Amino acid sequence: MGQGYREVADPSVYVRFPLVDPPKALADTDLLVWTTTPWTLPSNQFAAVKPDLEYSVVRVEDEPRRLIMASALVETIAAKVKKEFVVESTVAGSELLGLRYVPPFDYYYQRQGQTRGKLKSGGAEHVAWRVVAADFVTTDSGTGVVHQAPAFGEVDFDVLQAEQARFADGQGPPLLCSVGPDGKFTEETPEYQGRWVKDADRDICRQLRDEGTLLLLDQYLHDYPFCWRAEEDPLIQYPRKSWFIRTTKFVDKLLANNREIHWLPEHIRDGRMGNFLETNVDWALSRERYWGTPLPIWVCEKTGYAEAVASYAELLAKPGVEGTEAWDAAKRTNPALPDDLRVHKPYVDQITYDSPKAPGARMRRVSEVIDCWFDSGAMPFAQWGYPAREGSHEQFASQFPADFISEALDQTRGWFYSLLAISTLLFSDDGEAEDETRPVAYPHPFRNCIVLGLMLGEDGQKMSKSKRNYREPREIFDRYGADALRWYLFSNQTPWTSIRYSEQAIRECIPEFLLRLWNCYSFFAIYANIDKFDPAAAISGTVDQLAPGDLARARGYRPIVERAEIDRWILGESHRAAAAVTEAMDAYDNYGACARLNEFVDALSNWYVRSCRDRFWSGEMTRDKADAYWTLYECLVTTAKLIAPFTPFVAEALWQNLVAEPFGARARESVHLCDYPEADVAAVDETLSEQMALVREIVSLGRSARMGAKLKVRQPLARVEMILADRRYHEWLERHEALICDELNVKQAEIAEDPEQYITYTVLPNLKRLGPRLGKDLPALRKRLAGADGGKLLVELEAEGKITLALPGGEVSLDRDDIQIRLQAKEGWAAAQGRHCVVVLATELTEELVAEGFARELVRAIQDRRKEIGCEYTDRIAVGIVTDSPDLRAAAERFENYIRGETLTSRFSFEPLAGADPAELDVAGFAATLYVKVDKDNRSRTKER
RNA sequence: GGGCGCAUAGCUCAGUUGGUUUAGAGCGCGUCCCUGAUAAGGACGAGGUCCGAGGUCCGAAUCCUCGUGCGCCCA
């Protein structure tokens, strides 16, 4: 039936069912019955009440006959009818059971109203139009007396079946149904024959009113199902004969299998899926449609004996087969018809054979086809023709069970279930299985299942073709690239989160990852071109996937251990990333994998390339410069492989540019033909990784401190001091001053000799460790540590190896791992504090530092002009600076060589330059005029510094 | 009506199975920096009653109960 529920207004009718031969207390009394489907009233068979509910006998003003309804609803109904209701007596629902009534229409009643049947328990009873008991009766709406038309409702049908079970075989109530399969009234209801049921509601109500059984006609708003395809067509429930698979018999096995499946997110297992399995009902297998797999059951036209036919060959081998000529004729008419169609409608329906049970009778196929969800669930078997096709056992065994499948949440009852159900039924040892099958270890037919969230449109609503609340994928591809969409889907949320398909969000995810990575590549490409760095020329022979071993053969390629620390670091990071991404993907965690890839590209871009730029700028192809090239090249090639499954086009573009084009046939033609990088744990120096992370934090804090003190990075400073909570890396840091100095533009970086000048120490408990140990004493310890002098405690720890504290609950001894040291910067310094370290800037400026600051301002201004006048990276320029400021001029003279080197200036003067446009400058408050032009005499020379 | 889930910064989302300290990221916004990756890059900041109310616990965004709102599935 699907999802086509809509709110509509239907008639709401309150109808009198006059009691027949009631006890005296209920003389001249009618059951009051409510329904929103008047068209079902002609097929009424019972009225249901709840035995433990209290009912009232009500006198209505000006009415000769009394009404029975649930006491709880008397007021509500009186208000609707707008008449005064007087309760004359009350009666338990159980006392109404068995009472007979006259139904509103006598189409069936006139013939069967007096029919009685033999009960299994002895005695006899009227087969219909009696009050019966039902638990589903409520007082939420209606009257507490529920009209039962078993032909048009599942619970009503259950009531009929329960009644039938009470009677001896063939003696019970038949199913009354005055509606045909076309939804129109049949000849059983002559006045309405041929009319679509919903269209007859109006006239049915009119007839009820004319006959005096209608108490009230009203309107009722409720959700009603409509055809999901022809949206204007209301649906009705209708009894049809169907074929079922008795899945209920396998519930335990379904549950046991389900429990072994790794569901992502986990709650699906016991939640949505587990709950669905626990309340499993038999699988309604057959469909009354044309398209679909024909149900392969042939039935004897005389005896009803049925056979399931396993194959076309088996069918043809049946005795007395006829009807195959239908297919032959069709094939002659249209030779292009695929042979697969011969087992489909209409051809297969022509095939009949001799019944083994009745001489002369024929076996004919039933008319139904199979629910297409069965086909979907049969995929793991049917794709190989298992078990019938030759060789299928081997193919099947090699692919079963599947490692993982993925679909959206709505497939819980769809594909996920059909796969699970068929496989479980097929491979469960229930004593009835065919020889072919035997129990298979759970889980099957899939081990892992990623249940995706639903895709939502731009507005957060369900994507809708009619609402057009989304951008066409093709437009997204054209504008931002398919990889932008892929990366957005992979990296922005866990897969089970419903995804908003938003153009803006897709656009915004590009710079952080894809563009940043591409910038790294651009940087490499620009300078590799300038320097003629050519890996393909440096390596001979086949390079295949360009694995580390292939690179190692390159001329100029030095062993990694011999390279600069930062080279070892970034290559180590690439291996750490490969390991982490692989681990995440093995756990089906694409979100975590993307986060890790992003982290690596960030490290490559914002630390490696950034801090190695001047290595690429140096004039000669030194050993160090070559190392930098090989390192960056290897990182980019590895990255291309790492991102290949995530952003295949960008990955391929990298591979083509970096490998496929330069190496030609010596390398694999596509990154997608390469193996996924395997992390080389030996290449990872975890300590170095931590140390570098620390440097990055220090630099970040240094910049923060500069910001706070309003000291721009252009202004060199004399010194930066660092205070660390953890002394382990002190020595290492001292050796890496240069890196920090360079990034922060300071002359000296050192570990503070007198840290307590700048900071105070706080000792905090490591709660995760101490919580279980101390329990209720923990608050006391926290208070004690907060009140203590952190510096003293640390001295004690240094001297004794532990800190001993007296607490109300006894003495506590804390070692280094039991505590965390927090640093707090004191006021009055240009400082910034992080979790584990504090960075303090020396803010006093000497004349020389100020002058150097000026020089850097001038460099920046000249670089700006270079860009404005469209210089190539390698262009030499002529520069003229005219200024009235002696300080500025002095600084420029003093740092002339520095300025020339930074800006590729070949001619430098303090005069206006002919042929150059003047540009006005403001350098820290001093005015100057700058002239820049390309120095043509030096234009074609290669870069040197 | 039943089941399952979700609710964290303006927006979109993470939050490692309970560890308090400064609850994170991207985008957006603001301020600024850097600039030989340059129609890029970076830093800093503002912005949070972790939906509400109880409970368990030394300790809750996290576990339990109830409520509210939303979504999906089923009736």
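A, B, ... follow the sequence lines: proteins, then strands. Residue 1 opens every chain. Note that the structure is a prediction, hence the values are computed from the model and not measured.
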Sugar-phosphate only, base, or nothing, as touched by [X] at under 4.0 Å among non-hydrogen atoms:
| X | value |
| --- | --- |
| Arg706(A) | nothing |
| Arg856(A) | sugar-phosphate |
| Ser700(A) | sugar-phosphate |

Check your understanding: Under the criterion side-chain contact (heavy atoms from CB on, under 4.5 Å), which of Arg516(A), Glu512(A), Arg596(A) is the partner of Val601(A)?
Key ->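 Going through the options one by one, the only one that passes is Arg516(A).
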Practice item. Scan Asp483(A), Ile476(A), Ile499(A) and name whichever one has a side-chain contact (heavy atoms from CB on, under 4.5 Å) with Tyr488(A). Key: Ile499(A)
Side chain of [X]: nearest nucleotide among [options]?
| X | options | answer |
| --- | --- | --- |
| Leu515(A) | rA43(B), rA40(B), rA37(B) | rA40(B) |
| Glu266(A) | rU17(B), rC44(B), rA37(B) | rU17(B) |
| Leu764(A) | rC44(B), rU21(B), rA40(B) | rU21(B) |
| Arg413(A) | rA43(B), rC73(B), rG41(B) | rC73(B) |
| Asn606(A) | rG26(B), rG36(B), rG41(B) | rG41(B) |
| Glu508(A) | rC27(B), rA37(B), rC72(B) | rC27(B) |

Nucleotide [N], atom [atom2] - distance to [atom1] of [X] in whole Å:
| X | N | atom1 | atom2 | answer |
| --- | --- | --- | --- | --- |
| Leu781(A) | rU21(B) | CG | P | 16 Å |
| Glu512(A) | rA40(B) | CD | P | 16 Å |
| Glu503(A) | rC27(B) | CD | P | 18 Å |
| Asp602(A) | rA37(B) | CG | C1' | 15 Å |
| Trp487(A) | rG26(B) | CH2 | C1' | 12 Å |
| Glu278(A) | rG2(B) | CD | C1' | 14 Å |
| Leu770(A) | rU20(B) | CG | P | 12 Å |
| Asp410(A) | rG3(B) | CG | P | 22 Å |

State the pairing partner of [N]; accept Watson-Crick or G-U wobble contacts with both distances under 3.5 Å, and report none otherwise.
| N | result |
| --- | --- |
| rG41(B) | rC33(B) |
| rG52(B) | rC66(B) |
| rG26(B) | rC11(B) |
| rG71(B) | rC4(B) |

Taking only the [atom1] atom of each, what is the distance from [N] to [M] in whole angstrom?
| N | M | atom1 | result |
| --- | --- | --- | --- |
| rC73(B) | rA14(B) | C1' | 27 Å |
| rG10(B) | rC6(B) | P | 22 Å |
| rG18(B) | rA75(B) | P | 36 Å |
| rA39(B) | rG30(B) | P | 22 Å |
| rU62(B) | rA9(B) | P | 15 Å |
| rA53(B) | rG1(B) | C1' | 26 Å |
| rA60(B) | rG55(B) | C1' | 11 Å |
| rC58(B) | rG47(B) | P | 35 Å |

Review point. Do the side chain of Arg272(A) and the base of rC72(B) come within less than 3.5 angstrom through a donor-acceptor pair of N or O atoms?
Key: yes
Review point. Ignoring hydrogens and angles, are the base of rA37(B) and the side chain of Ser605(A) linked by a donor-acceptor pair under 3.5 Å?
Key: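 Pair found.
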Point to revise | Shortest non-hydrogen separation from Phe646(A) to Arg486(A) and the atoms involved | key: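 The answer is O-NE, 3.1 Å.
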Practice item. Hey, which sits more toward the 5' end of RNA chain B by its nearest nucleotide, Lys867(A) or Ser704(A)? Key: Lys867(A)
Exercise for review: Let me know, please, whether Asp270(A) or Asn766(A) comes out on the 5' side of the other along RNA chain B by nearest nucleotide.
Suggested key: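 The answer here is Asp270(A).
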Review point. Does Arg613(A) put a side-chain nitrogen or oxygen below 4.0 Å from OP1 or OP2 of rG41(B)?
Key: no
Review point. According to a strict under-4.0 Å criterion, is Asn275(A) in side-chain N/O contact with OP1 or OP2 of rC4(B)?
Key: no
**Study point:** Proximity of Trp373(A) and Tyr417(A) rings by center, below 6.0 Å
**Key:**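 That pair fails the under 6.0 Å test.
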Working to the nearest 0.5 angstrom, can you tell me the gap between [X] [atom1] and [Y] [atom2]?
| X | Y | atom1 | atom2 | value |
| --- | --- | --- | --- | --- |
| Phe616(A) | Ile530(A) | CZ | CD1 | 12.0 Å |
| Ser906(A) | Ile877(A) | OG | CD1 | 7.5 Å |
| Asn280(A) | Leu255(A) | CG | CG | 8.5 Å |
| Thr494(A) | Asp589(A) | OG1 | CG | 9.0 Å |

Review point. Aromatic rings Tyr629(A) and Phe533(A): how do their planes relate, parallel, tilted or perpendicular, breaks at 30° and 60°?
Key: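 The rings of Tyr629(A) and Phe533(A) lie parallel, inter-plane angle below 30°.
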Review point. Hey, what's the ring geometry for Phe513(A) with Trp487(A), parallel, tilted or perpendicular (30° and 60° as the breaks)?
Key: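 Phe513(A) vs Trp487(A) ring planes: parallel.
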Review point. Side chains of Trp263(A) and Asn258(A): is there a donor and an acceptor less than 3.5 Å apart?
Key: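 On atom types as modelled, these side chains qualify, holding a pair under 3.5 Å.
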Exercise for review: Please determine, by modelled atom types, if Asn745(A) and Arg856(A) share a side-chain donor-acceptor pair under 3.5 angstrom.
Suggested key: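 Per modelled atom types, Asn745(A) and Arg856(A) side chains form a pair under 3.5 Å.
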Point to revise | Under 3.5 Å: donor-acceptor pair, side chain of Ser498(A), backbone of Met455(A) | key: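 Flag not set: sc Ser498(A) to bb Met455(A) has no pair under 3.5 Å.
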Check your understanding: Would you say Arg613(A) and Tyr527(A) make side-chain contact, with heavy atoms under 4.5 Å?
Key -> no
Please list each protein N or O that sits under 3.5 Å from an N or O in nucleotides 30-33 of chain B, with the distance.
residue	atom	partner	partner atom	Å
rC33(B)	OP1	Lys712(A)	NZ	3.4

Tabulate atom names and distances for all N/O pairs under 3.5 angstrom spanning the protein and nucleotides 57-60 of chain B.
residue	atom	partner	partner atom	Å
rC58(B)	N1	Gly775(A)	O	3.4

Check your understanding: Take atom CD in Glu583(A); do more than 12 heavy atoms of anything else shown fall under 6.0 Å from it?
Key ->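 Check fails, neighbour count at 12 or below.
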Under 3.5 Å, N/O pairs linking protein and nucleotides 6-14 of chain B:
residue	atom	partner	partner atom	Å
rU12(B)	OP1	Arg500(A)	NH2	3.1
rC13(B)	OP1	Ser498(A)	O	3.3
rC13(B)	O2'	Asn492(A)	O	2.9
rA14(B)	OP1	Thr494(A)	N	3.3
rA14(B)	OP1	Thr494(A)	OG1	2.4
rA14(B)	OP1	Thr497(A)	OG1	2.3
rA14(B)	O4'	Tyr591(A)	OH	3.4

